[in-house]
Amino acid sequence: MYTIKRAAELTGISVATLRAWERRYGVVSPQRSDGGYRLYGPDDVRALAIMNSLVNEGWSAREAAAETLSRLSSRDAGERGRPGNVAALRPSNGGIQSEDAEALIRAAERLDSASASAVLDARFALGTFEHVIDDWLMPTLKRVGEEWAHGRLTVAGEHLVAYAVQRRLAAAYEAASGRADGPSLVIGLPPGARHELGLLAFAVAARRVGFSTVYVGADLPVADWAVAVEARNAVGVVLAVPRPEDVTAAQKIVDTLRSKRPQLVIGLGGSQQDAVEGGIHLGHSITVAVGEMVRRLRVPA
């Protein structure tokens, strides 16, 4: 549950606007704490985020409120028709929350960074970091790329989304409670590789479970990988291989590190991970990948 101030921050609207929308249009019905303070749940935050996105698109507040309530009513009716009526049981390919994905794409069309950030904040408020990454953000970023390929989004729009996501993940990384006594893990991309959003999400999740992480980012030369491992006395590395053209450099990094530190645990991620030998293929789920590194390196509770 969220205070009115936090709900306003998550949805990108002011406290005064939130109160007005609640009073005039009934888009949210907060609970009350024992002390009488408003408390907003995940559904309230989502409703406010949808309405805010519509208003930013040019809808009047009254029209946006009616449309928000209609969408939520339709969603609830659909969920009641599902076996078990449990939203968490949605398959990942159908649980992408298409309305939120569409809101993000529309923000990209308008080059509206504030709305894009508001959508991201609202989505991350509705579940654990790992769940939102695996079940919503990564499928949504794939859709953003498809919309660019089909001509709906410009390069500028795609870059706007990428930058908004990068800002959000960087803030989450800094806020994560990395432990100084956890196993040291170097995380980065090979030289020439710059697609780092998935890897940065992994770095956040790794910090959240107790790894002492060193995020070295994109385009790191082969020799610098060995220097980073030595400098931090790392027990593991995680290397993303997002494109076919990254395979050769990634293989060279693995071979170099393996020759210097045979016991080093090397995790491989990205769409081309299976093309690289000598490491652990971590798959394409942040949750699974972090769990595998925890199992290999025995992160203490």
Side-chain angles (χ1 to χ4, degrees), residues 92 127-135 137-138 166 169-191 193 195-242 246-247 249-301:
S92 60
T128 66
F129 177 85
E130 294 78 10
H131 174 79
V132 174
I133 292 293
D134 282 337
D135 290 352
L137 183 61
M138 289 303 149
Q166 186 177 40
L169 295 177
Y173 182 74
E174 294 303 322
S177 55
R179 285 210 316 251
D181 60 342
S184 183
L185 199 61
V186 176
I187 303 168
L189 288 132
H195 297 274
E196 63 178 307
L197 295 181
L199 187 67
L200 183 52
F202 171 88
V204 176
R207 261 195 172 184
R208 282 166 54 87
V209 299
F211 281 107
S212 175
T213 60
V214 183
Y215 185 70
V216 294
D219 194 20
L220 189 70
V222 175
D224 287 1
W225 277 90
V227 171
V229 168
E230 292 296 328
R232 290 299 297 265
N233 194 27
V235 295
V237 303
V238 172
L239 172 67
V241 194
D246 300 322
V247 170
Q251 187 65 66
K252 188 172 182 181
I253 290 169
V254 171
D255 293 343
T256 298
L257 294 177
R258 188 66 69 208
S259 67
K260 293 178 178 296
R261 288 203 172 195
Q263 302 305 314
L264 187 70
V265 175
I266 301 176
L268 298 166
S271 63
Q272 302 301 310
Q273 59 185 273
D274 293 337
V276 179
E277 300 177 350
I280 304 159
H281 299 130
L282 297 175
H284 304 284
S285 160
I286 295 297
T287 305
V288 172
V290 171
E292 180 63 18
M293 293 302 290
V294 167
R295 186 178 72 81
R296 299 272 180 165
L297 293 172
R298 298 181 178 86
V299 180

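Nothing fancy with the numbering, it's 1 onward along the sequence.
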Task: Heavy-atom side-chain contact between Met293 and Phe202 under 4.5 Å - done: yes
TODO: Quick one: closest heavy-atom pair of Ala240 and Leu199, and the distance?
DONE: CB-CD1, 4.0 Å
Open item on the list: By the salt bridge (charged side-chain N to carboxylate O under 4.0 Å, His left out) test, which pairs, at least two apart or in different chains, include something from residues 272-292?
Closed with: Glu292-Arg295, Glu292-Arg296
TODO: Specify the closest pair of heavy atoms between Leu169 and Ala201, including all atoms of both residues, with the distance to one decimal.
DONE: CD1-N, 4.1 Å
TODO: Taking His281 for its side chain and Val276 for its backbone only, find out whether a donor-acceptor pair lies under 3.5 Å.
DONE: yes
TODO: Taking the side chain as every heavy atom from C-beta outward, state whether Val204 and Tyr215 have any pair of such atoms under 4.5 Å apart.
DONE: no
TODO: Evaluate the side-chain proximity of Ser212 to Arg232: yes if any heavy-atom separation is below 4.5 Å, no if none is.
DONE: yes
Task: Gln251 side chain reached by Val254 side chain, heavy atoms, under 4.5 Å - done: yes
Open item on the list: Taking salt bridge (charged side-chain N to carboxylate O under 4.0 Å, His left out) as the cut-off, I'd like each qualifying pair that reaches into residues 214-225, sequence neighbours left out, listed once.
Closed with: Arg194-Asp219
Task: Main-chain N/O of Leu282 paired to Gln273 side chain as donor or acceptor, under 3.5 Å - done: yes
Task: Interatomic distance, Glu130 atom CD to Thr287 atom OG1 [nearest 0.5 angstrom] - done: 5.5 Å
Task: Within-4.5 Å side-chain heavy-atom neighbours: Trp225 and Leu239 - done: yes
Task: Lys260/Glu230 ion pair, N-O < 4.0 Å - done: no
TODO: Could you tell me which non-hydrogen atom of Ile253 sits nearest to which non-hydrogen atom of Pro191, and how far apart they are?
DONE: CD1-CD, 3.9 Å
- [ ] Indicate the atoms forming the closest heavy-atom contact of Glu196 with Gly217, along with that distance.
- [x] OE1-CA, 4.1 Å
Task: Heavy-atom pair with the smallest gap, counting every atom of Leu200 and Ala170 - done: CD2-N, 4.0 Å
TODO: Spell out, as yes or no, whether a donor-acceptor pair under 3.5 Å connects the side chain of Glu174 to the backbone of Ala171.
DONE: no
Task: Any Met138 side-chain heavy atom under 4.5 Å of His284 side chain - done: no
Task: Tyr173 vs Thr213, side-chain contact (heavy atoms from CB on, under 4.5 Å): CA-CA, chis, key distance, verdict - done: CA-CA 10 Å; Tyr173 182 74; Thr213 60; 2.7 Å; yes
TODO: Could you pull out the closest heavy-atom pair between Gly279 and Arg258, with the gap in Å?
DONE: CA-NH2, 4.4 Å
Task: Check: Ala234 main-chain N/O paired with Arg261 side-chain donor or acceptor under 3.5 Å - done: yes
- [ ] Check whether any side-chain N or O of Ser271 sits under 3.5 Å from a backbone N or O of Pro242 as a donor-acceptor pair, and report yes or no.
- [x] yes
TODO: Scan Val214, Leu297, Val235 and name whichever one has a side-chain contact (heavy atoms from CB on, under 4.5 Å) with Leu185.
DONE: Leu297
Task: Whether Asp134 side chain and Ile286 backbone form a donor-acceptor pair below 3.5 Å - done: yes
